[in-house]
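What you see is a predicted model, and the numbers here were worked out from it, not measured in a lab.
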Amino acid sequence: MAIVNTSKGAIGILTGGGDVPGLNPAIRAVTIRAIREGYHVIGVRRGWAGLVDMVREKDCDNSDNFQVLTEEVVNRAGRTGGTFLHSSRTNPGKVSRASVPPHLRDTYAAEKNDLTPEIMKNLAWLGIDFLIPIGGDDTLSYGVRLYQEGVKVIAIPKTMDNDVPGTDYCIGFSTAVTRTIQMTNDLRTSAGSHERFLVLEVFGRYAGFTAMLPTMAGAANRCVIPEYKFDIERLTELLVFDRRKNPSRYSVVLVSEGAMFVGGEMVFERETTDAFGHKKLGGIGDLVSEKLKELSPKFNNGKMIDTINQKLGYLVRCGDPDAIDSIVPMAYGNLALDLLLKNVHGRLVVLKNGRYDNMPIDVVTSSKKIVNVNEHYNSERLRPHYKSFEMKPLFIMTSDRG
């Protein structure tokens, strides 16, 4: 039984994975344009979890799983951060036995369960003709799966790490870089007052863009990234050198959460994994901070240099979007509707070489997008290269080219 019946049909929209500023503007853009084109819009709540937990009974309260979107609803949230539809890291293709909804446990009792047949039935029950997921490569990888199952999917890339393949830009990245620069500059006063190293851990599991761009913009002296295992002695030597040159006697390093010491591996906060198989990262900043203090006398005439160690974490992904993360989501939402109106699906809306475009959705699962170390990272100086800017995209190193 379809929840809605309109002449043109219904569009479902959801947000998955981590929150970023710019999600609500994207939801608003899709909804307003869709309504004006004669479509009904259904917001699926809590990402893929809303479709997993849904009960296909007319009198059942599914208000936690979906809501009908109107201009009034999206206009209230459209200029704010986060996602009013909420989010989750649910992977319907791999649902643990404990996470299977009670009404499905008789049918799905394995340790890991593929609930895709239920997702397909729930989409049909809601009357959703087109689905627009907004997310990173994990969320969108399941969008690829649904497209392969016959669902008309148009995807919008979102992640503050900016690591969705196929696009130069993902919603949330600009605000994250802006906040990182602002907070690093704010923390300089404390680092300078106490003549310390300033060690800031930032998000970035496999891609170091959120450490590279602020460093390139002058927020930090050095950065260490997941794409290149670094020598902690060399980092200490460089930071002592930077501190000595600085009249205020401090130096700054940005540490991606996925960065690794030479001979080491990623540092995890805990061993449990999410539905996409990722362990919770966290702690490399603490280790770098301790090792810098320990090694600093070797390069500082026998005197230890103390550190200020701060994990920026969610501070860079909360709050209102900046200008770019207000404009790009609006354009992405309208690009999705342009495709839908042409009955084109199985696409990812993108920015490529400064222009809006679209790509086949399976680009999300066909490659990885990481920093090109040879082209953009000076592994001897542990900082970005400053060269060959001609014809680069707005954020320099975020294109798949090269």
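Between the Lys8 side chain and the Glu37 main chain, a donor and an acceptor come within less than 3.5 Å of each other. The main-chain N or O of Arg383 is never found under 3.5 Å from a side-chain atom of Thr215 such that the two would form a donor-acceptor pair. In terms of modelled atom types and a separation under 3.5 Å, the side chain of Thr167 and the main chain of Leu351 share a donor-acceptor contact. With Asn62 contributing its side chain and Val55 its backbone, the two residues share a donor-acceptor pair below 3.5 Å. In this structure, the side chain of His40 does not engage the main chain of Leu69 through any donor-acceptor pair within 3.5 Å. With hydrogens and angles ignored, the 3.5 Å screen pairs a side-chain donor or acceptor of Lys158 with a backbone N or O of Gly18. Without hydrogens or angle criteria, Glu257 side chain to Phe203 main chain gives no donor-acceptor distance under 3.5 Å. Remark: side-chain polar atoms of Asn24 are not paired, donor with acceptor, to backbone N or O of Val74 under 3.5 angstrom. Formation of a donor-acceptor pair under 3.5 Å by the Arg45 side chain with backbone atoms of Phe66 is not found in this model. Using modelled atom types, one side-chain atom of Asn113 and one backbone atom of Ala110 make a donor-acceptor pair closer than 3.5 Å.
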Begin from the C-alpha positions of Val316 and Val202 and carry the test side chain to side chain contact (heavy atoms under 4.5 Å, CB included) through to its verdict. CA-CA 9 Å; Val316 304; Val202 297; 5.8 Å; no

Decide yes or no on salt bridge (charged side-chain N to carboxylate O under 4.0 Å, His left out) for Asp53 and Arg46, but give the supporting numbers first. CA-CA 10 Å; Asp53 296 338; Arg46 300 179 294 112; 3.2 Å; yes

Would you sort out whether Asn246 and Arg249 count as a side-chain hydrogen bond (donor to acceptor under 3.5 Å, both in side chains), showing the intermediate values? CA-CA 5 Å; Asn246 187 341; Arg249 293 294 185 270; over 6 Å; no

Run the numbers on Val224 and Lys229 for side chain to side chain contact (heavy atoms under 4.5 Å, CB included), then give the verdict. CA-CA 8 Å; Val224 289; Lys229 290 190 175 185; over 6 Å; no

Take Glu201 and Val199 through the test side chain to side chain contact (heavy atoms under 4.5 Å, CB included) and record every step on the way to the result. CA-CA 7 Å; Glu201 183 181 318; Val199 180; over 6 Å; no

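Between Asp129 and Lys152, no side-chain nitrogen of the basic residue sits less than 4.0 Å from a carboxylate oxygen of the acidic one, so the salt-bridge criterion is not met. By the 4.0 Å N-to-carboxylate-O rule, Arg56 lies close enough to Glu118 to be salt-bridged with it. Under the 4.0 Å criterion applied to side-chain N and carboxylate O atoms, Asp161 and Lys369 are not assigned as salt-bridge partners.
For the 3.5 Å distance criterion, the side chains of Asn309 and Asp286 qualify, holding a donor opposite an acceptor. If you check the side chains of Tyr142 and Thr90, you find no donor sitting under 3.5 Å from an acceptor. Side-chain contact, Arg28 with Asn75: a donor N or O sits under 3.5 Å from an acceptor N or O.
Within the structure, side chain to side chain donor-acceptor pair (under 3.5 Å) contacts touching residues 173-183 (residues at least two apart or in different chains) are Ser174-Asp322, Thr175-Asp322, Thr175-Asp325, Thr178-Asp322. The salt bridge (Lys or Arg N to Asp or Glu O under 4.0 Å) analysis of residues 289-298, with sequence neighbours excluded, yields the pairs Glu233-Lys298, Glu290-Lys293, Lys291-Glu294, Lys293-Asp306. For residues 206-217, no pair satisfies salt bridge (Lys or Arg N to Asp or Glu O under 4.0 Å), with sequence neighbours left out. Pairs of residues two or more places apart, or lying in two chains, that qualify as salt bridge (Lys or Arg N to Asp or Glu O under 4.0 Å) and include a residue from residues 337-347 are Arg33-Asp338. Screening residues 71-81 for salt bridge (Lys or Arg N to Asp or Glu O under 4.0 Å) gives Arg36-Glu71, Glu72-Arg76 as the qualifying pairs, with residues at least two apart or on separate chains. Sorted by first and then second residue, the ring pair (Phe, Tyr, Trp, His ring centres under 6.0 Å) pairs with a member in residues 154-197 read Tyr169-Phe395, Phe173-Phe395; sequence neighbours excluded.
Side-chain atoms of Leu340 and Val344, non-hydrogen and from C-beta on, never get closer than 4.5 Å to each other. Looking only at side-chain heavy atoms (C-beta outward), Asn300 and Arg243 come within less than 4.5 Å of each other. By the 4.5 Å heavy-atom criterion applied to side chains, Pro214 and Thr184 are not counted as neighbours. Side-chain contact between Glu375 and His385: absent, with no pair of heavy atoms (C-beta onward) separated by less than 4.5 Å. By the 4.5 Å heavy-atom criterion applied to side chains, Lys392 and His376 are counted as neighbours. For the pair Ser96 and Glu111, the minimum side-chain heavy-atom distance is 4.5 Å or more. Residues Gln67 and Leu85 are in side-chain contact: their nearest non-hydrogen atoms beyond the backbone lie under 4.5 Å apart. Side chains of Met212 and Pro384 form a contact here, defined as non-hydrogen atoms less than 4.5 Å apart.
Partners of Tyr108 according to the ring pair (Phe, Tyr, Trp, His ring centres under 6.0 Å) rule, which considers only residues two or more places apart in sequence or in another chain, do not exist here. Here Arg222 pairs with Asp242 under the side-chain hydrogen bond (donor to acceptor under 3.5 Å, both in side chains) rule; sequence neighbours left out. Considering only residues two or more places apart in sequence or on other chains, Gln310 meets the side-chain contact (heavy atoms from CB on, under 4.5 Å) condition with Leu187, Leu200, Leu312. For the side-chain contact (heavy atoms from CB on, under 4.5 Å) test, residues two or more places apart in sequence or in another chain that qualify with Glu227 are Ala207, Ile225, Ile370, Val371, Val373. Residues passing the side-chain contact (heavy atoms from CB on, under 4.5 Å) test with Ile308 are Ser190, Ala191, Arg196, Leu198, sequence neighbours excluded. Looking at residues two or more places apart in sequence or on another chain, you find a side-chain contact (heavy atoms from CB on, under 4.5 Å) between Asp357 and Val350.
Atom CZ of Phe299 sits in a crowded spot, with more than 12 heavy atoms from other residues, nucleotides or ligands closer than 6.0 Å. By the neighbour-count criterion of 12 heavy atoms within 6.0 Å, atom CG of Asp186 is densely surrounded, having more than that number from other residues, nucleotides or ligands.
Counting all heavy atoms, side chain and backbone alike, Tyr377 lies closest to Cys223 at OH-O, 2.6 Å. Of all the heavy atoms in Ala155 and Leu140, the pair that sits closest is CB-CD2, 3.8 Å.
The distance from the OG atom of Ser289 to the CD1 atom of Ile284 is 11.0 Å, given to the nearest 0.5 Å. Taking CG of Leu51 as the start and CD1 of Ile128 as the end, the distance is 6.5 Å to the nearest 0.5 Å. Atom CG in Leu382 sits 12.5 Å away from atom CG in Leu254 (nearest 0.5 Å). Once rounded to the nearest 0.5 Å, the distance linking CG of Leu295 with CG of Leu239 reads 11.0 Å. The structure places CG of Leu348 at 10.0 Å from CG of Asp362, a figure rounded to the nearest 0.5 Å.
Between Phe230 and Phe261, the two ring planes are tilted [angle within 30° to 60°].
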